[in-house]
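Taking it in order: structure first as structure tokens, then the write-up.
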Amino acid sequence: MKPLADQLGVDLTLCDAADQLFGTRLGETLNELLIKGLMDFFDEGQSIWRMPGRRQGLFRGWANIARRNRRLRMRGLDVGTLLLEAEGPEAMIDLVMTRLGVPEPRWMDYFTVELARLHGWAGFVRWRAQAPNYYWQQRNPADLVDYLAIRLVLALALLDDAGRRLRRDLRWPALMAFATEHPRECLLRRELNAGTVLPEFAHRIEVVLDGADGGAIDALYLEYERQKIAREACTRAGRVRVMAERAGIGHDALLARDDDSLHQVIDGIYAAKAREGMLWTRALELIANLQDELVVRAVDRVFSVRRESLAGSMIGELRETALGERRGRTAFARQFEVDAAAEAVFIRTLQVEYRINPDQARIQLEHLAKIGFRHQRQAQLVANGLRGIGLTEGFGRTVLVVGHGSTSENNPYESALDCGACGGDQGLVNARIFAAMANRREVRALLAEQGIRIPEDTRFTPALHDTTTDEIELFDLDQLPPGALTRVTRIQEDLTAAGRLCAAERCAELGETGIDGPAAAARRVKRHALDWTQVRPEWGLSKNASFIIGRRAVTRGVDLGGRAFMHSYDHRLDPGGRLLEGILSGPLVVAQWINMEHFFSVVDNEAFGSGSKVYHNVVGRFGVVTGNLSDLRTGLPAQTMLRADRPYHQPMRLITLVEAPLTLVESLLAKLYKPRELVQNGWIRLVVLDPDTGQAQVYEPRRGDRSGGGWEARRVRLP
């Protein structure tokens, strides 16, 4: 355990330190009080009684109620007096941090720790603040400054009350001095209050601490450390023995004395771990929006400043300045010592070259607001879609355009089972629009001028795949000519048969019994979709492992087990790499989002996932909590990741296979920031099937060198 003096303000807040040293529950109480206020303020119509004064903003609305809150006063929390000493949230933060005695150079680290204590709520507040056009944000504004001010006010009140009861000073100078002067006593107190000490030893610690004898504390500390080291050594030895047994290594080998034998044992154990897919990872950075990405590229090109050196607030300031939403010097210019003239030139570059300006923003809004497209625009959209999947010739008489969605009752995670590319909605609308455009005679004439000739008797038909029941329903059949209806009827019969077979596979995965044939399986999964007591209507995208970008011939005849995202792509139709660039910067990044969401949710479901659905409640119509009071749950529920108490999804980073010349892939990675970072930092395992050399090139990142790494060639046989 790290010394408390090293952790204070970096890993621990003052409330955390008081809890660990003196057995208080300040952190838990602080979270409860804060969550209750946030639930009242952010409610979007679920509550019958609405919190008054919300239009003043989060901090002021909460403060007006807190000043008159008798329950807080009855608990000994003098919040009202404190709120009278400062007006706005910024002034209140300054007042509280000064009152707590936290050194000003440590403030930013301290704020970070406070925000991390309820990362779900803090993330939601941050999202609200970055969505100015969101109805509830416009009506009831809130940002992280408001959130932090409320949290610090409550923390100061709790620390003052606990200090009076304990007759101790719980502010920064006193706790830091105590931690520095009595490190051994601090460790014993922390171990005792963490509940990691055996009852007999715990009693001895309590007696010694009550006696306040420095010599006795030191002696007990040394005895405790010896016992702890011995227990940990026994535990590690037991783990090594179990892992060695799984790896097929005998007991005698573990007793070897020479280094070579021990290295063989270690290599065998790690090889077994690799086979079992036991991976550990770090947290994944948030994905910036499009304009932020353009700002990052511009900063990198003009000033050679990489993304890692830029704070999110710096990027936002540059974007807002280019859009004319703010004036004056930016934090980026001050931090990197960019003079006013160079900064003005750079802002102009953003506006002209990167088109981050008010006029372009207005044009984009107008495009989004338009109902319908001109024929030229429709032809462009259809051509991009067809070329993106390599379908430019050999059209059948019926082409299905299939979106996907799900069916489940009383499920707050339903949108997570629908189409992410459709904003968490079902994909039928997009499928119907694409099919309607592709069927228009004027659009096909324009496509023919571009070299895409669709036969006159080819009809695009929209459909929806229900990923819960595996039913596929065709739409807009009334617009088909009479001759096409017969073909569609046969297709519907084939789709029904295929859906029943998929339902049988799904029932086998779910452990269903007593099912007599595919038809019975189809009825069973349909019943599950309509049964609100079901906690697992589907396993969705669990077990996802790879993303394949190439011709269908590459995977023909291969059973991928439903674990691969697949994107049709023919490099021969894309000599300039424009289509592959779109795939790498769009679908690949989305697939990696999905992969990492599952990865972290299964590695630590309580911290990064959502826990069990059984205890979930919808709060304020905007989020999910566990029970009646908890942090907002941000990841996937346990039922999506686990089979009983064992992982159903295997945590592994996305393996991406691209069938294209290596030189083309390298040139695209050189100019695409996000895919390049994902590959170089090892979040994506990239394999390039090079048709020119007949080799599979695997990218191997070098540890500690983000820009390094190299390709390793392996022979393969391409179809």
Side-chain angles (χ1 to χ4, degrees), residues 389 396-411 413-420 422 425-432 435 459-478 480 484-545 548 552 555-566 568 594 639-640 643-644 648-649:
I389 60 174
R397 289 187 294 176
T398 300
V399 179
L400 296 184
V401 183
V402 186
H404 74 90
S406 70
T407 300
S408 57
E409 292 295 321
N410 194 34
N411 183 7
Y413 285 88
E414 184 175 13
S415 63
L417 307 180
D418 287 336
C419 180
C422 303
D425 208 338
Q426 297 187 353
L428 177 60
V429 173
N430 287 345
R432 296 180 75 176
R459 301 294 300 180
F460 288 77
T461 302
L464 178 68
H465 175 208
D466 190 323
T467 54
T468 305
T469 63
D470 280 316
E471 294 178 320
I472 296 181
E473 183 179 0
L474 305 185
F475 289 84
D476 297 340
L477 300 183
D478 57 321
L480 293 176
L485 291 176
T486 303
R487 295 197 303 271
V488 168
T489 300
R490 290 197 299 268
I491 291 173
Q492 285 179 311
E493 294 172 353
D494 293 340
L495 292 174
T496 299
R500 289 175 176 175
L501 293 175
C502 289
E505 292 183 8
R506 184 187 302 278
C507 286
E509 286 287 318
L510 291 171
E512 297 285 348
T513 58
I515 297 176
D516 184 16
R523 291 193 295 271
R524 181 69 62 87
V525 297
K526 197 166 188 176
R527 189 187 73 186
H528 287 340
L530 301 175
D531 182 358
W532 66 268
T533 65
Q534 289 291 327
V535 293
R536 186 184 285 107
E538 67 166 330
W539 260 311
L541 297 173
S542 290
K543 287 192 174 181
N544 69 82
I548 301 174
R552 296 275 58 83
T555 56
R556 183 176 292 124
V558 179
D559 183 3
L560 298 172
R563 304 187 64 189
F565 301 105
M566 304 181 70
S568 296
I594 297 170
Q639 285 78 13
T640 302
R643 184 202 294 269
Y648 174 76
H649 175 79

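Computation of the quantities below employed the complete heavy-atom set of this structure, encompassing side-chain atoms and omitting hydrogens, waters and symmetry-equivalent molecules. Since this is a predicted model, take the numbers as computed values, not measurements.
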Does [X] reach the side chain of [Y], with side-chain heavy atoms less than 4.5 Å apart?
{"X": "N544", "Y": "H649", "answer": "yes"}
{"X": "L400", "Y": "L495", "answer": "yes"}
{"X": "M566", "Y": "L560", "answer": "yes"}

Using 0.5 Å steps for rounding, measure from the [atom1] atom of [X] to the [atom2] atom of [Y].
{"X": "I472", "Y": "H404", "atom1": "CD1", "atom2": "NE2", "value": "12.0 Å"}
{"X": "S542", "Y": "I594", "atom1": "OG", "atom2": "CD1", "value": "11.5 Å"}
{"X": "I548", "Y": "T555", "atom1": "CD1", "atom2": "OG1", "value": "5.5 Å"}
{"X": "R459", "Y": "L477", "atom1": "CZ", "atom2": "CG", "value": "11.5 Å"}

Which heavy atom in [X] sits nearest to a heavy atom in [Y], and how many Å separate them?
{"X": "G514", "Y": "R524", "result": "O-NH2, 4.0 Å"}
{"X": "L474", "Y": "A463", "result": "CD2-CB, 3.4 Å"}
{"X": "I515", "Y": "A521", "result": "CG2-N, 3.5 Å"}
{"X": "R643", "Y": "Y648", "result": "NH2-CE1, 3.5 Å"}
{"X": "D516", "Y": "A520", "result": "O-CB, 3.6 Å"}
{"X": "R500", "Y": "A522", "result": "CG-CB, 3.8 Å"}

For R397, does the CZ atom have more than 12 heavy-atom neighbours from other residues, nucleotides or ligands under 6.0 Å away? no
Has T407 got a side-chain atom pairing as donor or acceptor with A529's backbone, closer than 3.5 angstrom?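 Side chain of T407 to backbone of A529: no pair is present.
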Do any N or O atoms from the side chain of T469 and from the backbone of K526 form a donor-acceptor pair under 3.5 angstrom? no
T461 and side-chain contact (heavy atoms from CB on, under 4.5 Å): which single residue from L480, V402, D476 fits?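 When L480, V402, D476 are each tested with T461, the side-chain contact (heavy atoms from CB on, under 4.5 Å) holds only for L480.
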Under the criterion side-chain contact (heavy atoms from CB on, under 4.5 Å), which of R506, E512, R523 is the partner of H528?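 The single option meeting the side-chain contact (heavy atoms from CB on, under 4.5 Å) with H528 is E512.
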Would H465 and D470 satisfy side chain to side chain donor-acceptor pair (under 3.5 Å), going step by step from the backbone distance to the final call? CA-CA 6 Å; H465 175 208; D470 280 316; 3.0 Å; yes
Qualifying residues under salt bridge (Lys or Arg N to Asp or Glu O under 4.0 Å), relative to D531, sequence neighbours excluded: none
Return the set of residues passing side-chain contact (heavy atoms from CB on, under 4.5 Å) with E473 (not counting sequence neighbours), or none when no residue passes.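 Partners of E473 under the side-chain contact (heavy atoms from CB on, under 4.5 Å) test: F475.
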